[in-house]
Structure formats: structure tokens, C-alpha cells
Protein chains: 2
Amino acid sequence: MTETQKTEDNKLLYYFKKWTVITPEDESVILSAFEPCSIKKKKDLLLSGKTCKYVYFITRGCLRSFYIDSKGTEHIYQIRMDNSWISDLESFFTQTPSKYNIEALEDTQMLRISFSRLEQLYEEVPKLERYFRILFQKAYINALKRLNANMWETAMDRYNDMLKENPMMFKRVPLIYIASYLGITPESLSRIRKRI
Amino acid sequence: MTETQKTEDNKLLYYFKKWTVITPEDESVILSAFEPCSIKKKKDLLLSGKTCKYVYFITRGCLRSFYIDSKGTEHIYQIRMDNSWISDLESFFTQTPSKYNIEALEDTQMLRISFSRLEQLYEEVPKLERYFRILFQKAYINALKRLNANMWETAMDRYNDMLKENPMMFKRVPLIYIASYLGITPESLSRIRKRI
DNA sequence: TTTACTTCTTAACATAGATCAAGTGTCGAA
DNA sequence: TTCGACACTTGATCTATGTTAAGAAGTAAA
């Protein structure tokens, strides 16, 4: 195991330990369940129509997930960077074909785990149920907040909120993707930025 | 314990058992942790500014949660009926004041559990972590779907989807609330219905 | 049985953001 | 060093939905 890899693993464990108690024995079981992988910028991690085989913990890099509508337009619903999870959870948990794509916006390093390996890991380390319970709790609360913002706030308010809460994204992600994530066109985002 | 009450409890357990294994001993521990309660139509279960003390499992009835914006307009983000959960999870899990209101749209019966009692219950019946992990997983997936629909589909498509997926709601909930839930005004909903 | 309130509809007008079209600047690959 | 794709901007026009205002129908209260 290289030095780089060790650092990556430790970050994964750091996040587990924030919400649940992990013994040294658990640690090695967890680490052995995850498999390092990487992807080059502009390459696809998941293609629409394929089943999503893994959940990925991003140790370094940036990815977007999006779907393509009947007119061929891409709609981004997630942009994820270092130390967060990415997957198509619906496809992953039901093991059915995905409607979404996941693409790398930067060269990205990840730790991945398959559906069956994760099920097995829950049996080996039941405490992980708590970690993921809390993770999904928070993800759900955030998704509802974003839903409310999209339904009832102006595009300008959403842009300002995002600037405040996710300043790093503006340094690493092109505005055309941020526009789609905010639910508007690049033209509208451009006009909003001019007004400020 | 009345006959009515027993039926209610069994429904709660039925949903737990769908996703995890519950022994007879666990059953009684779970049942004793939940407390029956009820609320009359138009009364408030939660007021903005107050901390949300419970999560509620609705055994029979209907509630809406909404927030009031700076102009005094109500915005509904959840409508929940029989056999589902309702709460302001953010306020509940952080035990801080809520930004939302929850109001009964019908006379409603529930089973409730407090934050500290739920924490204790997780220790007593660790298998419940799995149930709630899966519950939040599904809730998160649904919230993302609703977000995508609100960002990228027309109000008419959203209305038709809701008609298909939640026909019961149209029989029990006034259209003014359904409009708000769909992210549009009652006037727009009226126009959409006329077009069909 | 009158009154008042809630729900729902309709119409005229207003507006945020989309669409279409064109143009500039930048950067990586040949 | 030049070319072509990509990122971003700007302007003109269009459209879905909001806003304002009014009225009808149903229901609960007095």
C-alpha cells in the first residue's frame, strides 16, 4: 500500500468515525472492503442504461451526474468533489438500469464498494448502518432544502447561496455546469452575474 | 390498550418488518417506545420557531408541512397521509428551532417518539438503524426525483405524474395545497386542469 | 336561513427566465 | 502557430407561470 493510498483510506475512516464508533479490528475490515479506482477527466463512470455497480467515495477530484432529456439536453443534478460519495443510488440499491450518467470533471481518485460487498460489510460491521443512516438523513434534509429553494427562491438567490456555501465549486467547475445544477441556462446565469 | 390502538401498532411494526428482522421481544420494546397521540383538523402539530420534539408515524389522517416566506406566503413541501412519517427532521435531529409549520388537514391519529427516546431505542434495538437507513435512502432518492421534476419538467407533467402516483391525495386534499406542493399557484393549476 | 369563509375558476396583464443567434476569449492538440 | 472546441457573454424575442382582481359554488357557523 502506497503512502498516498493510506492517506485516502484514513480520510474515509475519519468520516465514518465522526458519527459512529469504529474499533481497530473494524477498521481493517472496512478498508479491505473498499477498492481504490480512478478515472480521467471527461471519462464516464456510469452510462445511462447500465446498472450502477458501485458507490464511490471521492478521495480527490470532481464528478457530475446528469440525465439527458427527450430533446437531448443534459440536466445536472449533482456535482461532487473531494471527500463525498457519488453513485446512482436508485440503480445501485435496486440493481436495475440507471437513467443517469456520471462523468469526471477532473482526474479523480475514488474508493469503491459493490452492492453485494456492502451488504456483506453491513453484516460484518453493523455499526456502519448508523453511519449510513445519518448520511442519508443529512442528504435527505439537504435535498428538501434544495427543492424548496428551486421552487420558491429566485435564480439569483440560489446563485448567491451557492457562492456562499460552495465557493470551491466556482474555482473548479465551469459555469455552464453550475447553471444547470442551479436549474437555469448558462445565458441566465451570465445575466445574473452581470447584475451583481 | 384498545382494539383500535392495537391495529395502529401492528401497522407500524408491519413497516419495520418489511426491511429488517424484528423478534417478538423487540416488538414490545418498540411498541412501548411509541406514544399514541392525535390532532384535530386545522390544528398545528409544529409551529415555526419551536423545536420539533417528535417524529410522528401517521396511522390515520393527513398533514401538511410548509414554511412562510418573507412576504407571508405559505409554501408546502410535504403532504403526508396514512402509514407514513412526518416531522421536521432538521429541527428534530439537531434539536434547534424549526423554520417550518406542520398542520393537520384532517383529524389525525399518530404514534410519536421523542429524540432522546429514539436514541435510546437505537441502543435497545440496533436493527432499527437498518430500517431507518433504508427509509432515509428511499426518501432521499424520492426527494432528488422531485427536485429533477421541478427543475426540468413542466407543471403539467408534474401534475399528471402526481395524478398517476398519488390519486388518493386528490380525493382528500384541496387543490390549493396540491398546487403549492407542485410548486405553482392555484390559478396555474386551474388553467392546467382546464387544458386536459 | 342567512352569513361568512373556503375552494376553485376565469380573465387581463406582468415578468423571470428560456430560446435563438451571434460574437469574444482561451487553451490544448496538431 | 494555427485551428477548433469549449466557456462565456450579449441582445432580441418568446413563453410559462405569476399577479391582481373578481366572481361562483359549496360548506360551516351563527
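Proteins get letters first, then strands, A, B, ... in listed order; numbering begins at 1 in each.
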Any idea which of C:dT9, C:dA18, D:dT17 is nearest the B:Arg158 side chain?
D:dT17
Rounded to whole Å, please give me the gap between NZ in B:Lys42 and P in C:dC5.
11 Å
Closest of D:dG18, D:dC8, C:dG17 to the A:Ile184 side chain is C:dG17
How about B:Lys17: does its NZ atom have over 12 heavy atoms from other parts shown lying under 6.0 Å from it?
yes
Please confirm whether any donor atom in the side chain of A:Glu187 sits under 3.5 Å from an acceptor in the base of C:dC20, or the reverse.
yes
Pair of N/O donor and acceptor under 3.5 Å linking C:dT19 base with A:Arg191 side chain
yes
How long is the line joining OH of B:Tyr159 and P of D:dA16, in whole Å?
19 Å
Mind calculating the distance between NZ (A:Lys41) and C1' (C:dG28) to the nearest angstrom?
10 Å
Tell me: CG of A:Leu189 to P of D:dC8, nearest whole Å?
9 Å
Atom-to-atom span, CD1 of A:Ile192 to P of C:dA16 - whole angstrom:
11 Å
Lys/Arg-Asp/Glu bridge criterion (N-O < 4.0 Å) met for A:Lys50, A:Asp44:
no
Answer yes or no: does a side-chain N or O of A:Lys194 lie under 4.0 Å from OP1 or OP2 of D:dG11?
yes
CZ of A:Arg193 versus P of D:dT10: gap in Å, rounded?
10 Å
Looking at A:Lys145 and B:Glu90, does any basic side-chain N land under 4.0 Å from a carboxylate oxygen?
yes
Does B:Glu123 form a salt bridge (charged side-chain N to carboxylate O under 4.0 Å, His left out) with A:Arg130? I'd like the steps, not just the answer.
CA-CA 11 Å; B:Glu123 300 302 327; A:Arg130 169 164 299 188; 3.2 Å; yes
Measuring from the side chain of A:Ser190 (C-beta onward, heavy atoms only), which nucleotide among D:dT9, D:dC8, D:dG11 has the closest atom?
D:dT9
Taking the nucleotide of DNA chain D with the closest heavy atom to each, which residue, A:Trp152 or A:Ile176, is nearer the 5' end?
A:Ile176
Gap between atoms CG and C1', on A:Asp69 and C:dA18 respectively (whole Å)
13 Å
Options D:dC8, C:dA21, D:dT17, nucleotide nearest the side-chain atoms of B:Arg195
D:dT17
For B:Cys52 against B:Leu46, the heavy-atom pair lying closest together:
CA-CD1, 3.9 Å
Ignoring backbone atoms, establish whether B:Thr185 has a side-chain N or O less than 4.0 Å from OP1 or OP2 of D:dG18.
yes
To the nearest Å, give me how far apart OH (A:Tyr181) and P (D:dA7) are.
19 Å
Give a yes/no answer on whether the side chain of A:Ser188 brings an N or O atom under 4.0 Å of OP1 or OP2 in C:dA18.
yes
